[in-house]
Each structure stands twice: as structure tokens, then as C-alpha cells.
Amino acid sequence: MTIPFGRSTLLRLGAAAAAGLATSARAQQIPPRSNTPVTISFYNYNLATAGLGAQATRDLIRGFMQANPHIRVEGVGVTSPQILARTQADVAAGRPPDVAQLIFSDLDFIANSLGVKPLQDIIPAEEWAEHTAGMVPNGLRLGAIQGRVYGIPYVFSTPVLFYNANLFRDAGLNPDQPPRNWDEVKRAALQIRERTRRNGVFPGIYSSFDWLAQSLVLSNGGRVLSPDRRRLMFGEAETVEALTIMRDLMTSGAHARLGEAEAMDAFGSGNLGMVLTTSARQHAFLSASRNRFEMRAAAMPAFGDKPTRPTNSGSALFILARDPLKQRAAWELMKYLTTREAYTVITSRIGYLPLRLDIVDDPNFLQGWVRENPLVLPNLEQLTRLEPWEAYPGPNYLQISRIFVAAVNEAVYGTADIAAVMRDAQTRAQALMP
């Protein structure tokens with residue numbers, strides 16, 4: 001099975017991207033490799049949640065320590081909503097983690113407030129070029145601000161429409177032809193509801209993280225932030241139109257009137273036809289659906305004929321160690337966790353995208369698994385249109401994101417004028433911009 005784009009082209013682009021991102025001015029670089037014993041701490045949110053790859057992550061850390069017996073890694077599991085606050089508090093207390101897995105939406109704050117140095121400033125140029133060669137260029141840039149990479153992308157995904165093939169058949173729908181746009185989603189969801197008495201669809205745009213809501217806006221031709229990063233734009237006409245379509249799903253009965261957690265449970269138990277969410281839930285959904293129903297996956301639905309512009313969820317790895325020996329050990333861990341071997345584990349056992357697409361067609365890595373698990377293919381195809389998850393600038397970025405998400409919830413679940421709701425949210429959030 002081949003992916004729908006040329007591997008050689010991606011490898012050339014990856015090498016070019018790595019070279020282009022490796023030209024920043026140099027600070028003090030980490031020391032050469034040595035066998036000096038050292039212990040490093042690693043804050044990781046996958047370790048905190050069984051359904052998001054805790055065991056797979058423990059196995060990766062164990063494999064690293066077996067390959068590097070002089071480096072001991074103390075993995076610390078912190079949930080994704082809490083990991084930045086924990087990191088920030090420990091940095092302020094003078095005991096920062098040596099490596100932290102932090103979310104892309106926090107990137108501006110991480111770069112400007114946590115004292116994280118660009119990786120190219122501390123990693124020898126030849127090591128950086130060698131390790132990043134072959135990485136997906138769109139993925140590699142996710143951890144960069146103005147061409148300087150602060151974190152190496154680790155685990156990320158795009159929005160995927162998971163669907164219950166059994167409910168499709170029971171409703172008289174063809175599971176080999178999943179919905180391609182929101183009009184088709186509505187028709188399929190209503191048919192599922194009418195003929196099976198199960199819920200139709202849940203678009204997971206209401207999470208405390210706004211990456212999927214951003215993707216919805218971008219896919220309808222809008223933006224959440226101006227190109228100069230000074231003006232918020234999530235109250236504009238494109239957003240209003242997209243949310244009007246979501247409310248129509250709700251009022252028609254196609255949209256399940258559930259909360260986020262309830263919807264995920266409903267899908268896993270076979271009581272929801274379709275759910276748009278992160279592919280990181282793939283492993284958990286497969287475990288829940290086993291012996292219950294056949295789960296399949298499709299690309300994010302479009303608005304009519306407009307091409308979708310999927311944003312990424314997920315995180316990057318950042319070096320916060322100040323001691324040079326620990327910085328070297330941190331870099332060795334980061335390299336190991338972004339190798340072809342590691343991405344084989346990350347993709348097959350957790351559900352995130354591989355940053356190295358050459359492993360998809362390699363029989364030594366993911367080729368056999370992809371043949372047996374075609375659920376990953378829509379996610380891989382969407383990499384060609386991947387848009388970065390916008391990290392709002394300034395110290396109030398979290399409040400800005402929360403205002404946006406709350407407004408999305410009100411716009412879809414409520415009855416107030418959607419344009420007024422979104423304009424008010426944009427005005428209030430703009431006052432928090434730097």
C-alpha cells in the first residue's frame with residue numbers, strides 16, 4: 001500500500017526544510033556524547049493517560065535506557081491540560097524538567113516566557129541536519145516561530161471522522177462511501193437516527209483545546225488570527241457561516257446533544273454513528289469497539305467543494321535542562337523518540353502520525369501494519385494540507401482560547417444570534433492581546 005504522495009519528494013523537502021531551519025545564530029552548544037552517568041526528568045502527558053499511550057511510552061523510555069545505559073530517564077506523567085502549569089511552576093521554583101512534552105498551542109508562551117532556547121542554537125549543525133533529514137516539512141515547522149525551532153514535533157494528528165460501519169449498514173448507508181462534506185454528514189446522521197434510533201454525529205470542536213475548532217474555521221476559508229499576529233479574526237463571516245452549519249446539525253437532530261466525554265463513550269459503545277476527533281483516540285476506540293462493531297475512518301468533512309485545511313493537535317519535545325550534560329542527555333532522548341523505530345510504535349500503538357513518512361512503505365517498519373490498519377490513511381493524506389495550530393501571542397493566550405471555545409459552544413448549543421456571539425467573543429478576546 002502506498003501513500004498518495006511521493007516519498008522521495010517528501011524526503012527532499014524534509015532535508016531542505018531542515019537546512020532552512022538550521023541557520024540561526026549559535027549560542028553555547030551542548031557537549032559531545034559521553035558515557036558519564038546522568039539522570040534526566042521527562043514530563044510527558046501520554047504517561048498520565050492509559051488510553052493515550054501510557055504503556056507504549058513507558059516501553060519507548062525503557063528502550064532508550066537499554067540503548068543508553070548511562071542515561072536514566074525519570075518519566076513524570078502529567079495530564080495535557082495541566083502539563084504547562086506544572087512545568088511553569090517548576091521552572092519558577094528552579095527545578096525545571098530536563099525534557100518536557102508541551103502542547104503546540106503554548107508555543108509562543110514557551111518560547112518567550114519559559115527560557116527555552118531554539119534547538120539550532122544548542123545542537124551542533126551537523127547533528128541537527130542529520131537527525132531532521134527526511135522529516136515531513138509541514139510537521140517539522142510546527143515547533144518553529146519565525147524559522148527557529150524551539151521544540152521538535154513529537155506526537156500530532158489531524159481531525160479524523162471515525163464512523164461505525166455497522167450502523168451505516170443498519171441505516172441503509174454504504175460504509176465504503178463515507179460522507180465527504182457536511183451536507184452528506186447531515187443526511188447520513190439523520191438516516192442513522194431515524195433507522196437505528198442511535199445518535200448520528202458529534203463534531204468534537206468543543207474541547208478545551210481549540211485546535212479542531214480552528215480547523216473548522218480554516219476549512220471554511222476563515223482565520224482565527226491575522227498574519228501579523230496582532231488581530232483576532234474568529235468573529236468574521238467565515239466562522240459564523242461554519243458555526244451556522246453546526247447549529248443546523250444540532251437543531252435538525254443530526255448532531256448528538258452530548259458533552260465531549262459522553263460522545264466519546266457513546267461512540268466506543270456503538271451508540272453514535274460518527275465522531276470527528278483526533279486520531280490519537282484511534283487505539284482507545286479500537287479497544288472499545290472490538291467484538292462490538294467495525295470502526296472505519298475518513299478525512300475531515302469539507303464545506304461544499306472547499307478543500308479542508310486541517311490543523312494539528314499534539315505536542316513537541318522541549319529542552320529545559322540548564323546543565324550541559326543533561327542537555328546532551330535530553331537531546332539523545334529526543335532523537336530516540338523521533339526515530340523511525342519510535343514512530344513505528346507511536347503510530348501503531350497510540351495512533352499519532354509519523355513525522356517520518358518513509359516508514360509507511362518500509363516492510364521493516366509500518367508497511368505491514370498500515371495494510372492491516374487502513375484507518376491511518378486519511379490522516380496521512382491530510383498531512384499534505386496541514387496547517388499549524390495557531391498559538392495566540394502574549395500572556396493571556398489561554399484566556400483568548402477559552403473565550404473562543406466558549407463562544408463556539410454557545411453558538412452551536414444555544415439560541416442566540418451566532419454573529420453577535422462571535423463578534424462579542426472576538427471583541428473581548430482582542431482586549432487581551434498584547
Side-chain angles (χ1 to χ4, degrees), residues 18 27-50 52-78 83 86-87 90-91 94-102 116-117 119-135 143 149-155 315-350 352 354-356 358-359 362 364-366 369:
Q28 182 175 356
Q29 294 185 349
I30 61 174
R33 284 175 56 95
S34 74
N35 292 322
T36 303
V38 61
T39 298
I40 58 173
S41 57
F42 177 27
Y43 287 10
N44 181 287
Y45 65 71
N46 294 110
L47 285 173
T49 310
L52 283 178
Q55 187 57 52
T57 304
R58 285 192 288 268
D59 290 345
L60 286 169
I61 293 173
R62 186 180 302 110
F64 170 77
M65 290 192 294
Q66 289 173 348
N68 299 271
H70 63 290
I71 302 175
R72 176 176 174 79
V73 179
E74 296 179 344
V76 179
V78 187
I83 197 163
R86 168 73 180 271
T87 301
D90 288 350
V91 167
R95 52 173 188 273
D98 298 306
V99 186
Q101 174 195 12
L102 300 174
V116 174
K117 294 181 175 63
L119 289 172
Q120 306 100 307
D121 287 2
I122 61 174
I123 306 302
E126 62 278 4
E127 285 191 50
W128 177 257
E130 179 182 2
H131 183 67
T132 57
M135 288 184 171
V149 179
Y150 289 84
I152 193 164
Y154 174 47
V155 294
S315 57
L317 300 175
F318 297 85
I319 294 178
L320 291 98
R322 297 293 179 260
D323 175 78
L325 183 62
K326 291 192 173 188
Q327 287 180 337
R328 163 53 70 177
W331 172 237
E332 294 301 324
L333 175 63
M334 289 164 61
K335 285 195 298 182
Y336 182 90
L337 293 175
T338 51
T339 58
R340 294 187 294 173
E341 291 82 2
Y343 271 115
T344 299
V345 173
I346 288 167
T347 299
S348 64
R349 294 180 57 187
I350 306 178
Y352 289 108
L355 193 57
R356 300 179 181 277
D358 60 331
I359 67 175
D362 193 321
N364 295 313
F365 297 102
L366 278 180
W369 182 86

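The figures here come from the full heavy-atom set of this structure, side chains too, leaving out hydrogens, waters and symmetry mates.
Taking every heavy atom of both residues into account, Leu325 and Pro31 meet most closely at N-CG, 4.3 Å. In this structure, Ser34 and His70 approach most closely via the heavy-atom pair O-NE2, 3.0 Å. In plain terms, the two heavy atoms of Met334 and Leu317 that are nearest each other are CE-O, 3.3 Å. Considering every non-hydrogen atom in both Asp98 and Ile40, the closest pair reads OD2-CA, 3.2 Å. Listed here is the closest heavy atom pair of Trp331 and Trp128: CH2-CE3, 3.8 Å. Considering all non-hydrogen atoms of both residues, Pro153 and Thr338 come closest at O-CG2, 3.6 Å.
The CD1 atom of Ile61 sits 9.5 Å away from the CG atom of Asn46 when rounded to the nearest 0.5 Å. To the nearest 0.5 Å, atom CG of residue Leu333 and atom CE of residue Met65 are 9.5 Å apart. Atoms CD1 and CD, on Ile122 and Glu127 in that order, are 11.0 Å from each other to the nearest 0.5 Å. With rounding to the nearest 0.5 Å, the separation of CZ in Arg322 from NZ in Lys117 is 5.5 Å. Here Gln29 contributes atom CD and Asp121 contributes atom CG; the two are 9.0 Å apart, rounded to the nearest 0.5 Å. We find the CZ-CD distance between Arg62 and Gln55 to be 6.0 Å, quoted to the nearest 0.5 Å.
The closest side-chain heavy-atom distance from Tyr336 to Val73 is not below 4.5 Å. Counting heavy atoms from C-beta outward, Thr347 and Trp369 have side chains that approach closer than 4.5 Å. No side-chain heavy atom of Glu332 sits less than 4.5 Å from a side-chain heavy atom of Ile30. The closest side-chain heavy-atom distance from Ile319 to Val116 is not below 4.5 Å. For the pair Gln101 and Leu47, the minimum side-chain heavy-atom distance is 4.5 Å or more. The shortest distance between side-chain heavy atoms of Ile123 and His131 does not fall below 4.5 Å.
Judged by distance alone, the side chains of Tyr43 and Thr87 never bring a donor and an acceptor atom under 3.5 Å apart.
For the side chain to side chain contact (heavy atoms under 4.5 Å, CB included) with Thr57, the lone residue among Val155, Val345, Asn44, Leu337 that qualifies is Asn44. Between Arg340 and the choices Asp358, Leu366, Asn364, the side chain to side chain contact (heavy atoms under 4.5 Å, CB included) rule is met once, by Asp358.
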Evaluate Tyr154 against Ile346 for side chain to side chain contact (heavy atoms under 4.5 Å, CB included), listing each step before the verdict. CA-CA 9 Å; Tyr154 174 47; Ile346 288 167; 3.7 Å; yes
Between Asp362 and Thr344, does the side chain to side chain contact (heavy atoms under 4.5 Å, CB included) criterion hold? Intermediate values first, please. CA-CA 10 Å; Asp362 193 321; Thr344 299; over 6 Å; no
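A salt bridge does not link Lys335 to Glu130: none of the charged nitrogens lies less than 4.0 Å from a carboxylate oxygen.
Under a 3.5 Å cut-off, the side chain of Asn68 and the backbone N or O of Ile71 do not form any donor-acceptor pair. Between the Arg328 side chain and the Asp323 main chain, no donor and acceptor come within less than 3.5 Å of each other.
Heavy atoms from other residues, nucleotides or ligands lying under 6.0 Å from CZ of Arg72 number 12 at most.
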